[in-house]
Peer 1: 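What follows is a structure written as structure tokens; I'll ask about it next.
Convention: sequence-line order gives letters A, B, ...; per-chain numbering from 1. If you're wondering where the values come from, they're calculated on a predicted model, not measured in any experiment.
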Protein chains: 2
Amino acid sequence: MTTASEPRPGQRPATLSDVARLAGVSIATASKALNGRQQVRAETRTRVIEAAERLSFSPNALARGLIAGRTGTVGLLTSDLEGRFSIPILLGAEDAFGSGSTSVLLCDARGDAIRESHHLRALLSRRVDGLIVVGARPDSRPSIGRALPVPVVYAYAPSEHKDDLSLVVDNHGGGRAAVRHLLDCGRSRIAHITGDPSYGATQDRANGALAELATEGVPLAGGRVLFGAWSEAWGRGATRMLLSQSPDVDAVFAGSDQIARGVLDALQEAGRSVPDDVAVIGFDNWEIFAAGARPALSSIDMNLQQLGRVAAQRLFAAIRGTMGSGVEKLPCRLVPRESTAPAA
Amino acid sequence: MTTASEPRPGQRPATLSDVARLAGVSIATASKALNGRQQVRAETRTRVIEAAERLSFSPNALARGLIAGRTGTVGLLTSDLEGRFSIPILLGAEDAFGSGSTSVLLCDARGDAIRESHHLRALLSRRVDGLIVVGARPDSRPSIGRALPVPVVYAYAPSEHKDDLSLVVDNHGGGRAAVRHLLDCGRSRIAHITGDPSYGATQDRANGALAELATEGVPLAGGRVLFGAWSEAWGRGATRMLLSQSPDVDAVFAGSDQIARGVLDALQEAGRSVPDDVAVIGFDNWEIFAAGARPALSSIDMNLQQLGRVAAQRLFAAIRGTMGSGVEKLPCRLVPRESTAPAA
DNA sequence: TTGTAGGCGTTATCAA
DNA sequence: TTGATAACGCCTACAA
């Protein structure tokens, strides 16, 4: 006599038919009992449930999906997992789905259109209920297709097509918030050192910063936005330049935390104290980078995890029939730390 | 007359039966034609293929999986996606699978055992062909279960159970390599500043370092390993301590790149030049952190992406019947940069 | 070369 | 309250 209470590796999982047989009922009854249908005698239900537990029965989601027409599965198509911006979004989406009963199929296209369409095909063939497309750069990207059998939500990088639904970071608002904070800290000679000007996000942040300065009638220190690269080295170099041209600067809004770290280094090198002489605020709130800086770096957080969560919610709504469209901007959040303490 | 060449959203995807009807053949023939079976007339095959394309037919993977007993899907169960070590592993695995026709179901347990078992249940019910379990910390963790119907491979954090197959980083070898490199650079007064001593990896790296020193009969500068926290702040503090106690130190092996950044800062503060006076090597090779340092930081790379790739390969082999067991250690890799240039 | 029929595991409908 | 039975979409003997 063998006890079948523990499935061994290589052994086929128990089916509903196994459960029914062990419980001495028909397959139909077993199904009803396990799914909480009301048309089952309590005693029978108990017997079926016990049998299911004895066999470690777990219903075959494939068979279920085949009938239901839904798989409880969504595809997450990213362009660049290596980049650190996709991860929090993915995390937020996984969180929102995983707490329910939706599973996430992950694909990374590595920025390659061919790979992307290959993955798209695979996902559709797996009959995902919907798709989230996460871009690597916050610039608009080609629509993945307007005639797909499932709803699609774009996150971070918006679709070029206006009928697609895209969720993006409000970089303009983030830029405003950064400058607002510096103004609130009593600064009035504010410079902006930022990264690659070919990014839409770079322009948005800069424009937001300029707009906020304009509302107060405060001119930009240095006279112009210092565009460059997303590196610490550029942060250092730009700061040296800035100090020689506008030595009276009392605050710097850096376009990224990396740049901000460079700014901090260069200021220290020049004997300027932060935040007493110069306040510095970064962007991205890359925790480990910002919190480890000396002094700890104030920053603007893009709330990417929240972005992922909202993307999941929107996709869910779309799956249930309520499909939106257009570009939805989600707000940034100020995270003040030591580098912007109010001037004494 | 309607043309059905483009499926619209909300419209059910074409089935094999649709294709067969359009091509004027039976379902069986359509199936054979599309799957390259030989028992089909060339002209018929062409007709079927054209019909399939007209309808954008893509075979339902659920139905296929139901028959085949395999789903072409694996589960990736991570404990902590936020931590930056899971990502490269995930990336490597996704890469190895994605180039074939296997899709990855991603779950993040957030370090919570309840969530983990919930996700495990979901994955098994989706009939994944196998599982990769990625730990957050490189210490051994409880086996996810010895009686699962599918093979499991543990990556980064090994399973406590010796019959499970685990792939881990050779931290001991990494520690050796770091010290070997410093010795090769002509240093002889080498200190080791590292992080949380409760991590097995911390001990392994330290022991590796000591072992390598021992082979050359070189004593550890400072007399003992400086354990602390995985932070820049600890790197700075420990370095100050070290300089006051052992001012003649000429090299520091830091247990992480973050710590190494702190070491660099403190050395600069103390007027020591890197690498001329003191060579510094980190661990993790966190590109953006190491390459952005001044001078660029030499480091030990754990080859995590390769680890993920190998995990995928081992899982694949296991799915095909060749299941291994025990702990397999994968080598680290030295990445020399400017911070360890040979002493003049 | 083509078509018919059975079955994969589940749910839902309807009859008993 | 229970149990046959027909789907879901596909593949694969086997029959024509």
Peer 1: Name the residue closer to the 5' end of DNA chain C, choosing between B:Ala63 and B:Ala42 according to the nucleotide with the nearest heavy atom.
Peer 2: B:Ala42

Peer 1: For the side chain of A:Val40, counting heavy atoms from C-beta on, which of D:dC10, C:dT10, D:dT2 is nearest?
Peer 2: D:dT2

Peer 1: Output the single nucleotide from C:dC8, D:dT12, D:dG3 whose closest atom is nearest the side chain of B:Ala28.
Peer 2: D:dT12

Peer 1: Measuring to OP1 and OP2 of C:dT2, would you say a side-chain N or O of B:Arg41 lies under 4.0 angstrom away?
Peer 2: yes

Peer 1: Could you tell me whether A:Glu43 and A:Arg47 make a salt bridge, using a distance below 4.0 angstrom between a side-chain N and a carboxylate O?
Peer 2: yes

Peer 1: Measure the distance from CZ on B:Arg70 to P on C:dC8 and round it to the nearest whole Å.
Peer 2: 17 Å

Peer 1: Between B:Gln39 (CD) and C:dT2 (P), how many Å, whole number?
Peer 2: 10 Å

Peer 1: Would you tell me if any nitrogen or oxygen in the side chain of A:Asn35 comes within less than 4.0 Å of OP1 or OP2 on C:dT11?
Peer 2: yes

Peer 1: By nearest atom, which of the nucleotides C:dT2, C:dG3, C:dT10 is closest to the A:Ile27 side chain?
Peer 2: C:dT10

Peer 1: According to a strict under-4.0 Å criterion, is B:Arg37 in side-chain N/O contact with OP1 or OP2 of D:dT12?
Peer 2: yes

Peer 1: Would you kindly give the CG-to-C1' distance between B:Leu62 and D:dC10, to the nearest whole Å?
Peer 2: 11 Å

Peer 1: Rounded to the nearest Å, what distance is computed from the CZ atom of residue B:Arg126 to the P atom of nucleotide C:dT10?
Peer 2: 14 Å

Peer 1: Using a cut-off of less than 4.0 Å, is there contact between a side-chain N or O of A:Arg12 and OP1 or OP2 of C:dG9?
Peer 2: no

Peer 1: Of B:Val25 and A:Lys32, whose nearest nucleotide on DNA chain C comes first from the 5' end?
Peer 2: B:Val25

Peer 1: When you look at CZ of A:Arg137, are more than 12 heavy atoms from neighbouring residues, nucleotides or ligands closer to it than 6.0 Å?
Peer 2: yes

Peer 1: Indicate whether any N or O donor in one side chain lies under 3.5 Å from an N or O acceptor in the other, for A:Arg126 and B:Ser103.
Peer 2: yes

Peer 1: Less than 4.0 angstrom between a side-chain N/O of B:Ser31 and OP1 or OP2 of D:dC11, yes or no?
Peer 2: yes

Peer 1: If I take atom CD in residue A:Gln38 and atom C1' in nucleotide D:dT1, what distance separates them, rounded to the nearest angstrom?
Peer 2: 12 Å

Peer 1: Using OP1 and OP2 only, check whether a side-chain N or O of B:Thr29 sits under 4.0 Å from C:dT2.
Peer 2: no

Peer 1: Roughly, in whole Å, what's the span from CD1 in B:Ile67 to P in D:dT12?
Peer 2: 7 Å

Peer 1: Can you find a pair of side-chain heavy atoms, one from A:Phe97 and one from A:Ile132, that are under 4.5 Å apart?
Peer 2: yes

Peer 1: When the distance from CG of B:Leu66 to P of C:dT11 is rounded to whole Å, what number comes out?
Peer 2: 12 Å

Peer 1: Looking at B:Thr44, I'd like to know whether one of its side-chain N or O atoms comes within less than 4.0 Å of OP1 or OP2 on C:dT1.
Peer 2: no

Peer 1: Please determine whether a side-chain nitrogen of the Lys or Arg among B:Asp108 and B:Arg115 lies less than 4.0 Å from a carboxylate oxygen of the Asp or Glu.
Peer 2: no

Peer 1: With a 4.0 Å cut-off on heavy atoms, is A:Leu16 in touch with a base, just the backbone sugar-phosphate, or nothing at all?
Peer 2: base

Peer 1: Quick one: B:Asn60 CG to D:dC8 P, roughly how many Å, whole number?
Peer 2: 12 Å

Peer 1: Of the non-hydrogen atoms in A:Val19 and A:Val48, which two are nearest, and what is the gap between them?
Peer 2: CG1-O, 3.8 Å

